[in-house]
Amino acid sequence: MSSRSKILLILLIVLLVIGIGVGVGYFAWYWTSGTLPPPVQRVEPTTTTAPTVPTAPEDETSPTTTTTQPLPENPVDFATLKATNSDIYAWLYVPGTAVDYPVACATDEADGFYLDHNIYREYEFAGTIYSEKKNGTDLMHRNTVFYGHNMLNGTMFSSLHDFEDKEFFDTYDTIYLYTPGHIYTYKIFAAYEYDNRHLLNSFDYSDDAVWAEYLAYATDPKTFTVNTRDVPVTVADRIVTLSTCVGWNKNVRYLVQGVLVNDQPTRT
């Protein structure tokens, strides 16, 4: 082997080693990204609530009285979260999964800001669970869509793929959203693969006919990867959609959808 060939071989080996090092470093970073915790954690409420209930009068002359039980504390300290980042407006919790995160909506930046920024507004590949301005932050939109990465380390929305398993889907049926003053409960009615169209820009949700047609598909998706639950969903309902990637396929999204079944007021 000539000296020139030896030099080329050495250079090739060096480049290969560098390439392997960069690749290992990238995947290590990807694997550990998304582990920076929020300043507070969700806690289980300690008080159950009942709404104010009228008490029937003992006789016709007795005035109607009311019995009021205290509202529960909100499981999330939103004052601390908003002091950290005013864009945080909700907390999303899906029992049975690792999804237990604050939710942000970019106020001043583009909608995709939190795709690669954490709740401290620092660049981070894992990003933050977020929704877009078009949905607003009052959860009154007919279809509020939340986005999160399908991380290799199981964080963010990665564990939503557990709903692909029929037994898991049948076991866990609830999504909780916490906002200041409210605990919203959603019943999961479908989990399935869908194309990558922008859900908010692709349908006119203000049109009842369009909304009805969308729900007809969402409750009975025509796809190979799908689980559904027999839950009534009508045009009068509001739903949430949790959207994440499917492996490296940029043309497909995995959606978990739930319909609002309860809005519990809280003290904070």
Side-chain angles (χ1 to χ4, degrees), residues 27-28 30-35 37-38 41-42 44 75 90-103 114-115 125-131 139 143-178 183-200 202 214-234 237-262:
F27 280 104
Y30 187 95
W31 182 263
T32 58
S33 185
T35 58
Q41 297 293 328
R42 179 188 61 84
E44 295 295 340
W91 189 289
L92 177 64
Y93 170 51
V94 184
T97 75
V99 178
D100 198 359
Y101 297 109
V103 178
Y114 287 105
L115 190 66
F125 184 85
T128 300
I129 306 304
Y130 73 96
S131 62
L139 301 180
N143 185 11
T144 300
V145 183
F146 299 97
Y147 304 92
H149 283 300
N150 177 20
M151 297 296 293
L152 289 176
N153 63 357
T155 59
M156 309 314 286
F157 272 2
S158 175
S159 57
L160 290 182
H161 286 280
D162 291 343
F163 286 102
E164 295 176 22
D165 179 77
K166 182 66 165 61
E167 183 177 353
F168 184 92
F169 181 89
D170 290 342
T171 301
Y172 297 100
D173 65 353
T174 308
I175 296 169
Y176 294 102
L177 268 167
Y178 307 91
I183 299 174
Y184 297 96
T185 304
Y186 298 81
K187 184 72 70 174
I188 297 172
F189 62 85
Y192 57 98
E193 287 188 359
Y194 197 60
D195 59 47
N196 67 346
R197 77 184 73 181
H198 191 287
L199 290 176
L200 297 180
S202 299
Y214 177 85
L215 289 177
Y217 181 90
T219 53
D220 185 24
K222 310 303 181 185
T223 179
F224 289 109
T225 304
V226 58
N227 280 309
T228 60
R229 180 174 284 108
D230 188 14
V231 176
V233 187
T234 72
D237 288 316
R238 304 199 304 271
I239 72 171
V240 291
T241 299
L242 315 186
S243 175
T244 194
C245 297
V246 177
W248 302 102
N249 190 343
K250 295 183 178 181
N251 298 317
V252 182
R253 297 291 182 268
Y254 189 69
L255 309 181
V256 177
Q257 296 183 303
V259 59
L260 180 66
V261 294
N262 188 50

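The chain is numbered in sequence order, starting from 1. These values consider heavy atoms only, across backbone and side chains, with no hydrogens, waters or symmetry-generated copies.
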Over all heavy atoms of both residues, which pair between [X] and [Y] is shortest? Give the atoms and the distance, please.
X      : Y      : result
Val103 : Ser131 : CG1-N, 4.4 Å
Asn196 : Val252 : CB-N, 4.3 Å
Leu260 : Asn262 : CD1-O, 3.4 Å
Tyr147 : Phe157 : C-CE2, 3.7 Å
Glu164 : Thr225 : CG-CG2, 3.9 Å
Leu177 : Ala90  : CD2-CB, 4.3 Å

If I take atom [atom1] from residue [X] and atom [atom2] from residue [Y], how far apart are they, to the nearest 0.5 angstrom?
X      : Y      : atom1 : atom2 : value
Arg42  : Leu92  : CZ    : CG    : 10.0 Å
Tyr254 : Cys245 : OH    : SG    : 14.0 Å
Asn227 : Asp165 : CG    : CG    : 7.5 Å
Asp195 : Ser202 : CG    : OG    : 7.5 Å
Asn150 : Leu160 : CG    : CG    : 8.5 Å
Gln41  : Asp100 : CD    : CG    : 7.0 Å

Is there a side-chain contact between [X] and [Y] in this structure, where contact means two heavy atoms from C-beta onward sitting under 4.5 Å apart?
X      : Y      : value
Leu115 : Tyr130 : yes
Leu199 : Leu255 : yes
Ile175 : Tyr184 : no
Thr228 : Thr219 : no

Sequence neighbours excluded, the answer for ring-ring contact (aromatic ring centres under 6.0 Å, His included) partners of Phe168 is Phe163, Tyr172
Residues at least two apart in sequence or cross-chain that pass ring-ring contact (aromatic ring centres under 6.0 Å, His included) with Phe169, listed by chain then number, are none
Margin query: Applying side-chain contact (heavy atoms from CB on, under 4.5 Å) to Ser159 and Val99, what does each step give before you reach the verdict?
Written below: CA-CA 7 Å; Ser159 57; Val99 178; 3.9 Å; yes
Tested for ring pair (Phe, Tyr, Trp, His ring centres under 6.0 Å) against His149, the lone hit among Phe125, Tyr101, Tyr114 is Phe125
Which of Val256, Val246, Thr97 passes side chain to side chain contact (heavy atoms under 4.5 Å, CB included) with His161? Answer is Val246
For residues 185-192, which side-chain donor-acceptor pairs fall under 3.5 Å, sequence neighbours excluded?
unit_1 : atom_1 : unit_2 : atom_2 : d
Lys187 : NZ     : Asp173 : OD2    : 3.0
Tyr192 : OH     : Gln257 : OE1    : 2.7

- Message: For Thr241 and Asn143, which I'm curious about, is there any donor-acceptor pair between the side chains at under 3.5 Å?
- Response: yes
